[in-house]
Amino acid sequence: MIRKHFETLWIVGLFALVAFAAGAQIARAEPRVTITYAHCCPPDHTYGVYAHQLADAVDKNSNGEIKIEVLDGGVMGTEQAIAQKVQLGTVQMGGITSNNVAQLAPSLNVLVLPYLNSGPEDLTGEGGLLRAGPYRDEMNKRVLEESGSLRIIGGFNNAFRSIFTKEECVDEIGDLQGLKIRAPKNPVMTAMWESWGVSTYPIAWGETYGAIATGVVDAFDSPTDVVLNMGFHEHIKYITEATYLPQAAVVIINNDFMNSLSEEDQQILLQSAEETDVSHAQYVAENGERVRNALTGDFGVTFCELKDPEVWAEKAQAIWPDLYSLVGGGEDWVETTLTYKDTGKLE
């Protein structure tokens, strides 16, 4: 009788445990706060990897009470359109290349100055321009003033931009002549190409694959992983890796939405973004070699090397004074940035 009594208690306890676990799952399935986060690319692209790393970090740090709904693949439009949607608050967050947010906050054009940075560590390493700290705080202050509603809570880099061509290597600056090159519609980047004697085609990113496939353009630049992850290897057969410009991206949030959250929830977002900035930088470093090996081994892509990199740098840096008017804060903000890079201090 006693044994049967204990067996009954054990079964009741088991059912209670199962019911509790089911209840916990139901509770996690209905978060208190849901945040939409839009970006340009597939989930396995570097931008998508950041977005989902951040979503996982927020879920963990909030114990499932805050959910980031990631909108992959540019479903909310171009990067410039996404930036405007975040500005208006129709999308709460976005991970967007800095040159495409600069239309709303020109201070970000400082990150687009050619040869300002020499490697990923300048941006995403400890003390880098995109990492949480005094420089990003100052940049965030400027971005908020200029845009009226955009706040930076994270930053990441997808390596430096490489030059992709269909027919032959770009080994020296003269090889650019005659190429039909797609480039983002950003005045600083346009001026950089013009300093090399090239006029570019300002084609939206979402239209670039079609433009390459049909011959509207025969070259463009971007971080190397897009060739592998977005199918460009079907047409791009030559890649010239360079160091003129990093693919620097900022994670922006609508400031009114951010302020509507509790202080605790705001801290969860900031903590999660800071953790993701670090983990994503490690991912990018490890991903570069994998991408290169896959492109050469599986798709026959040839990697080229510049013979005259100093010529490219000299011509691009020579136009900096002409670009100060395109950078919010002008020459003073550029000098502040250079000082911080050298000393770790804003003054």
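Please read all numbers here as calculations on a predicted model, not as lab measurements. Count residues from 1 along the sequence.
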Engineer: Is any side-chain heavy atom of Val112 closer than 4.5 Å to one of Ser98?
Structural biologist: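 Yes, at least one pair of side-chain atoms sits under 4.5 Å.
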Engineer: Would you say the side-chain atoms of Tyr209 and Glu234 include a donor-acceptor pair closer than 3.5 Å?
Structural biologist: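 Side-chain D/A pair, Tyr209 to Glu234: present.
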Engineer: Taking atom CH2 of Trp193 and atom CG of Leu245, what is their separation to the nearest 0.5 Å?
Structural biologist: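 Answer for the CH2-CG pair, Trp193 versus Leu245, is 10.0 Å.
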Engineer: Does any donor atom in the side chain of Ser272 or Asn61 lie under 3.5 Å from an acceptor atom in the other side chain?
Structural biologist: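 Ser272 vs Asn61: donor-acceptor pair found between side chains.
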Engineer: Quick one: side chain to side chain contact (heavy atoms under 4.5 Å, CB included) partners of Asp44, sequence neighbours excluded?
Structural biologist: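 If we apply the side chain to side chain contact (heavy atoms under 4.5 Å, CB included) test to Asp44, skipping adjacent residues, the hits are Pro42.
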Engineer: Which atoms form the tightest heavy-atom contact between Glu79 and Gly95, and what is the distance?
Structural biologist: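 Looks like OE2-O, 4.1 Å.
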Engineer: Listed by chain and number, what are the side chain to side chain donor-acceptor pair (under 3.5 Å) partners of Asn255, not counting sequence neighbours?
Structural biologist: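 So Asn255 forms no side chain to side chain donor-acceptor pair (under 3.5 Å) with any residue.
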Engineer: At their closest point, which heavy atom of Val217 faces which heavy atom of Ile181, and how far apart are they?
Structural biologist: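 In terms of heavy atoms, the two residues are closest at CG1-C, 4.3 Å.
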Engineer: Considering residues, nucleotides and ligands other than Glu310, do more than 12 of their heavy atoms fall under 6.0 Å from its CD?
Structural biologist: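 Correct, the count exceeds 12.
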Engineer: Suppose the criterion is salt bridge (Lys or Arg N to Asp or Glu O under 4.0 Å): which pairs have a residue in residues 285-304, not counting sequence neighbours?
Structural biologist: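 Salt bridge (Lys or Arg N to Asp or Glu O under 4.0 Å) check on residues 285-304 returns Glu241-Arg292.
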Engineer: List the residues meeting salt bridge (charged side-chain N to carboxylate O under 4.0 Å, His left out) with Arg182, not counting sequence neighbours, and say none if there are none.
Structural biologist: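 If we apply the salt bridge (charged side-chain N to carboxylate O under 4.0 Å, His left out) test to Arg182, skipping adjacent residues, there are no hits.
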Engineer: Indicate the atoms forming the closest heavy-atom contact of Asn157 with Ala248, along with that distance.
Structural biologist: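 Taking every non-hydrogen atom into account, OD1-N, 4.2 Å.
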Engineer: In chain order, what residues pass the side chain to side chain contact (heavy atoms under 4.5 Å, CB included) check against Gln92, with sequence neighbours excluded?
Structural biologist: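 Per chain and number, Gln92 pairs via side chain to side chain contact (heavy atoms under 4.5 Å, CB included) with Ile35, Thr36, Phe257.
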Engineer: Can you list, pair by pair, the side-chain donor-acceptor contacts under 3.5 Å of residues 311-323, counting residues two or more places apart and other chains?
Structural biologist:
residue: Trp312; atom: NE1; partner: Asp308; partner atom: OD1; Å: 3.0
residue: Trp320; atom: NE1; partner: Pro114; partner atom: O; Å: 3.1

Engineer: Would you name the heavy atoms of Ala249 and Tyr47 that are closest together and state the gap between them?
Structural biologist: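 Here Ala249 and Tyr47 meet closest at CB-OH, 3.6 Å.
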Engineer: Which residue pairs pass the ring pair (Phe, Tyr, Trp, His ring centres under 6.0 Å) test when at least one of the two sits in residues 67-118, sequence neighbours left out?
Structural biologist: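 Passing the test, one end in residues 67-118: no pairs.
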Engineer: Any pair with a residue in residues 245-274 that passes salt bridge (Lys or Arg N to Asp or Glu O under 4.0 Å), sequence neighbours left out, goes on the list, sorted by first then second residue, please.
Structural biologist: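 Residue pairs passing salt bridge (Lys or Arg N to Asp or Glu O under 4.0 Å), neighbours aside: Arg32-Asp265.
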Engineer: Thr224 and Ile239: which non-hydrogen atoms are nearest, and at how many Å?
Structural biologist: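 Scanning both residues completely, I find the closest heavy atoms to be CG2-CD1, 3.8 Å.
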Engineer: Going by the ring pair (Phe, Tyr, Trp, His ring centres under 6.0 Å) test, which pairs reach into residues 159-184, not counting sequence neighbours?
Structural biologist: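 Counting only pairs at least two positions apart or across chains, the ring pair (Phe, Tyr, Trp, His ring centres under 6.0 Å) contacts touching residues 159-184 are Phe164-Phe220.
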Engineer: Got a sec, which residues hit salt bridge (charged side-chain N to carboxylate O under 4.0 Å, His left out) with Asp277, two or more places apart in sequence or on another chain?
Structural biologist: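 With sequence neighbours excluded, Asp277 shows a salt bridge (charged side-chain N to carboxylate O under 4.0 Å, His left out) to Arg136, given in chain and number order.
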Engineer: Look at the rings of Tyr50 and Phe156 and say which category their plane angle falls in: under 30° parallel, 30 to 60° tilted, over 60° perpendicular.
Structural biologist: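 Ring orientation of Tyr50 relative to Phe156: parallel.
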Engineer: Is a side-chain donor-acceptor pair under 3.5 Å present for Asp72 with His52?
Structural biologist: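 Yes, side-chain donor-acceptor contact under 3.5 Å.
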Engineer: Taking salt bridge (Lys or Arg N to Asp or Glu O under 4.0 Å) as the cut-off, I'd like each qualifying pair that reaches into residues 172-181, sequence neighbours left out, listed once.
Structural biologist: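 Sorted result for residues 172-181: empty, none.
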Engineer: Test: salt bridge (Lys or Arg N to Asp or Glu O under 4.0 Å). Region: residues 140-155. Which pairs qualify, not counting sequence neighbours?
Structural biologist: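 Matches after skipping sequence neighbours: Glu138-Arg142.
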Engineer: Can you confirm whether the side chains of Gln271 and Glu275 place a donor and an acceptor under 3.5 Å from each other?
Structural biologist: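 Yes.
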Engineer: Among side-chain atoms of Asn186 and Asn109, is any donor-acceptor pair under 3.5 angstrom?
Structural biologist: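 Asn186 vs Asn109: donor-acceptor pair found between side chains.
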Engineer: Output yes when a side-chain donor or acceptor of Arg161 lies under 3.5 Å from a complementary backbone atom of Pro223, and no otherwise.
Structural biologist: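 No: the side chain of Arg161 does not pair with the backbone of Pro223.
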Engineer: What's the shortest heavy-atom distance between Pro187 and Leu326, and which atoms?
Structural biologist: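 Minimum heavy-atom contact is CB-CD1, 3.7 Å.
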